[in-house]
Amino acid sequence: MRKRESRRGFLKESAVLIATGVSAPILISRNALADGDRPGANERIGVAGIGVGRRGSEIFAEAARNPKAQAICVADVWAPRAEQVAKKNECDAWYQDYRRVLERKDVDAITTATPEHWRGLICINACLAGKHVYGEKPITLTINEGKLMEKAARRNNVVFQTGSQQRSQRENYLGCEFIRNGGLGEIKSVIAANYESPWLCDLPAQPIPEGLDWETWCGPTPVVPYNIDLFTPRANPGWLSFRPYSGGEMTGWGTHGFDQIQCALGMDLTGPTEIIVEEGDGKLVPPVYSKAEPAARGNEICSKPRLSYRYANGITVKLDNANRGGGIFIGEKGKMEIFRGRLTSNPKEMAEEVLKGDRQNQGHVDNWLSCILTGERPISDIAIGRRSAAICHLLNIARYLGRSLKWDPDKEVFIGDEEANSMLSREPRKGYELPEV
């Protein structure tokens with residue numbers, strides 16, 4: 001078992017630390033344990049949480065409870081929240097500056113569930129620091145971020161799990177496996193949900209809560225006034241609906257649905273060759289929310305133009321009326337719908353037979369921790385997770401431009417469209433540039 005440093009000493013040191021946001025990578029080799037590369041059988045994995053809000057605190061707590069792991073510390077730009085989560089999980093320290101976590105030699109792995117505009121910087125720097133990563137989905141804000149994440153993970157032999165937990169659910173696993181192995185015969189078409197793209201934000205200033213480092217929350221994006229309906233993920237409407245910080249529900253829910261479609265079709269490490277924009281709707285002109293308002297109006301506007309995408313083998317996925325967590329697969333032998341932890345079919349006996357399969361649920365966090373110990377790739381490795389997120393970004397780009405696009409999934413560039421290619425990355429605020437890998 002790892003020797004822990006004084007809790008009182010760490011709390012005294014860390015309680016006053018404030019984030020600066022400078023993004024230079026910290027190159028630290030992973031803590032030497034057992035065989036010198038990863039924890040041995042009698043070791044516990046030192047885990048830290050970075051970004052411990054609604055979802056982040058849940059993921060970190062799940063890791064902290066796991067007998068393979070030991071909670072070390074947390075980081076969050078909102079000091080009261082960081083302190084509360086650290087205390088609840090019996091951590092030695094809490095910080096506002098995530099880089100202090102990466103400096104610690106007793107931290108072997110991090111969980112992170114910050115808003116999407118911070119995801120790339122934290123994950124890449126964590127990989128470069130030799131820390132294993134559990135990154136909540138959607139794993140990226142842009143396509144180019146995902147490429148850098150995978151490079152950084154491979155460079156330092158990091159076990160990088162994307163938080164697409166439906167991959168670990170029994171019903172989803174069996175359904176995807178059945179379709180992938182030809183159980184439905186030739187796939188004629190696939191139906192996804194019509195996920196909404198993000199819009200723009202000009203909310204009025206409100207007092208910044210005590211202990212919140214708002215400038216660092218803004219991070220790579222321009223600094224704007226604090227507003228609770230920006231700071232909260234889903235509120236009226238919350239940052240998840242706004243383009244500087246997120247890909248909207250196209251990434252919020254879409255990474256779940258498209259991830260299942262990628263898995264079922266055996267397309268995990270590639271992507272579509274064509275994004276199709278239906279004619280007649282024009283390009284998306286996103287609304288600007290200047291006051292607190294539910295997401296309904298923005299979602300209605302940002303669900304058009306209607307979209308489809310096509311793989312090189314001819315299978316077309318249409319964004320229409322499927323459930324938001326999976327998809328409907330229509331094959332020559334029947335139809336199957338994958339839900340979140342549910343599987344149905346027509347004929348119904350097909351799904352009933354599939355669900356007799358010998359497969360148990362495995363916790364998604366537990367799969368990650370187990371792979372850290374064995375050195376294997378996790379069930380939702382970064383190479384898989386970033387490709388699922390990329391589909392969302394491709395669809396958002398096509399909707400914003402209002403035209404169909406050709407995509408090269410090997411080179412990961414649009415064919416003959418420089419304007420579209422300029423949207424594969426975003427220019428960060430000075431001081432928050434992504435590190436070179």
Side-chain angles (χ1 to χ4, degrees), residues 21-26 50-51 56 98-99 102 110-129 131-156 158 160-164 197-198 216-222 239-240 242-248 250-252 254-255 258-259 262 268-271 380-398 400 407-414 420-437:
V22 178
S23 63
I26 304 165
I50 298 176
Y98 81 95
R99 296 170 305 160
L102 302 187
I110 64 121
T111 66
T112 184
T114 62
E116 293 159 48
H117 66 288
W118 259 110
R119 200 72 50 78
L121 193 56
I122 290 171
C123 288
I124 293 168
N125 277 337
C127 289
L128 294 179
K131 313 300 183 185
H132 302 292
V133 176
Y134 182 109
E136 177 61 349
K137 48 60 57 189
I139 196 60
T140 62
L141 185 69
T142 70
I143 289 174
N144 285 347
E145 277 184 356
K147 294 163 68 175
L148 288 175
M149 286 184 194
E150 184 178 358
K151 282 185 179 181
R154 298 297 184 256
R155 168 176 164 173
N156 274 15
V158 162
F160 194 138
Q161 176 87 297
T162 306
S164 299
S197 298
T216 297
W217 187 93
C218 294
T221 66
W239 61 257
L240 200 144
F242 294 135
R243 191 164 184 247
Y245 318 101
S246 171
M250 183 71 80
T251 56
T255 42
F258 297 130
D259 184 70
Q262 287 274 98
D268 276 346
L269 300 180
T270 185
S380 188
D381 177 64
I382 179 58
I384 294 170
R386 76 169 187 85
R387 290 282 188 170
S388 296
I391 293 176
C392 306
H393 301 317
L394 294 173
L395 291 163
N396 273 338
I397 290 170
Y400 267 87
W407 176 250
D408 185 330
D410 297 321
K411 296 180 180 178
E412 296 186 76
V413 294
F414 291 103
N421 281 325
S422 72
M423 301 172 75
L424 296 176
S425 59
R426 301 192 192 184
E427 188 69 26
R429 185 158 62 102
K430 187 176 180 180
Y432 294 85
E433 295 86 358
L434 294 174
E436 293 184 9
V437 179

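Given the structure is predicted, the values throughout are model-derived calculations rather than measurements.
At distances below 3.5 Å, at least one donor-acceptor pair connects side-chain atoms of Glu116 with backbone N or O atoms of Gly247. Trp239 contributes no side-chain N or O that, together with a main-chain N or O of Ser246, makes up a donor-acceptor pair within less than 3.5 Å. Of the possible donor and acceptor atoms, one in the side chain of Asn156 sits under 3.5 Å from a partner among the backbone N and O of Cys127. Judged purely by atom type and a 3.5 angstrom limit, Thr112 uses its side chain to pair as donor or acceptor with the backbone of Ile50. With hydrogens and angles disregarded, a donor-acceptor distance shorter than 3.5 Å links the side chain of Thr255 to the backbone of Thr251. With Gln262 contributing its side chain and Leu269 its backbone, the two residues share no donor-acceptor pair below 3.5 Å. Judged by distance alone, with hydrogens and angles left aside, the side-chain atoms of Asn421 form no donor-acceptor pair with the main-chain N or O of Val413 at under 3.5 Å.
At most 12 non-hydrogen atoms from other residues, nucleotides or ligands lie less than 6.0 angstrom from NZ of Lys151.
A 4.5 Å side-chain heavy-atom check between Arg154 and Phe160 finds every atom pair outside the cut-off. Side-chain contact between Leu102 and Ile122 is absent, with no heavy-atom pair separated by less than 4.5 Å. With contacts defined as side-chain heavy-atom distances shorter than 4.5 Å, the pair Thr114/Arg119 qualifies.
Scanning for salt bridge (charged side-chain N to carboxylate O under 4.0 Å, His left out) contacts around Arg426 gives an empty result, with sequence neighbours left out.
Closest non-hydrogen pair, Phe258 versus Cys392, comes out as CD1-SG, 3.6 Å. Contact between Pro115 and Trp217 at its shortest, heavy atoms only, is CG-NE1, 3.8 Å. Nearest heavy atoms, Phe242 versus Pro198: C-CB, 3.9 Å. Between Leu128 and Ala152, the shortest heavy-atom contact is CD2-CB, 4.1 Å. Taking all atoms of both residues into account, the shortest heavy-atom contact from Ile382 to Thr162 is CA-OG1, 3.8 Å. Residues Tyr432 and Pro220 share a closest heavy-atom pair of CB-CA, 3.7 Å.
Here SG of Cys123 is found 12.0 Å from CG of Leu148. Values are rounded to the nearest 0.5 Å. Atom-to-atom distance recorded for Asn144:CG and Arg386:CZ is 9.5 Å, nearest 0.5 angstrom. Of the inter-residue distances, the one linking Ile397 atom CD1 with Met423 atom CE reads 5.5 Å to the nearest 0.5 angstrom.
A salt bridge does not link Arg387 to Asp381: none of the charged side-chain nitrogens sits closer than 4.0 Å to a carboxylate oxygen.
With a 6.0 Å cutoff to the six-membered ring centre and a 45° limit on the axis angle, Arg243 counts as a cation-pi contact of Tyr400.
Exactly one residue among Ile124, Val158, Val437, Val133 makes a side-chain contact (heavy atoms from CB on, under 4.5 Å) with Met149. That residue is Ile124.
Ring geometry for His117 versus Tyr245: interplanar angle over 60°, hence perpendicular rather than tilted (30 to 60°).
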Identify each donor-acceptor pair in which a side-chain atom of residues 134-143 lies under 3.5 Å from a protein atom, sequence neighbours left out, and give them as a table.
from, atom 1, to, atom 2, distance (Å)
Glu136, OE2, Arg55, NE, 3.3
Lys137, NZ, Gly252, O, 2.5
Thr140, OG1, Thr142, O, 3.3
Thr140, OG1, His393, NE2, 2.9
Thr142, OG1, Glu145, N, 3.2

Evaluation steps, side-chain contact (heavy atoms from CB on, under 4.5 Å), between Asn125 and Tyr98: CA-CA 10 Å; Asn125 277 337; Tyr98 81 95; 3.0 Å; yes
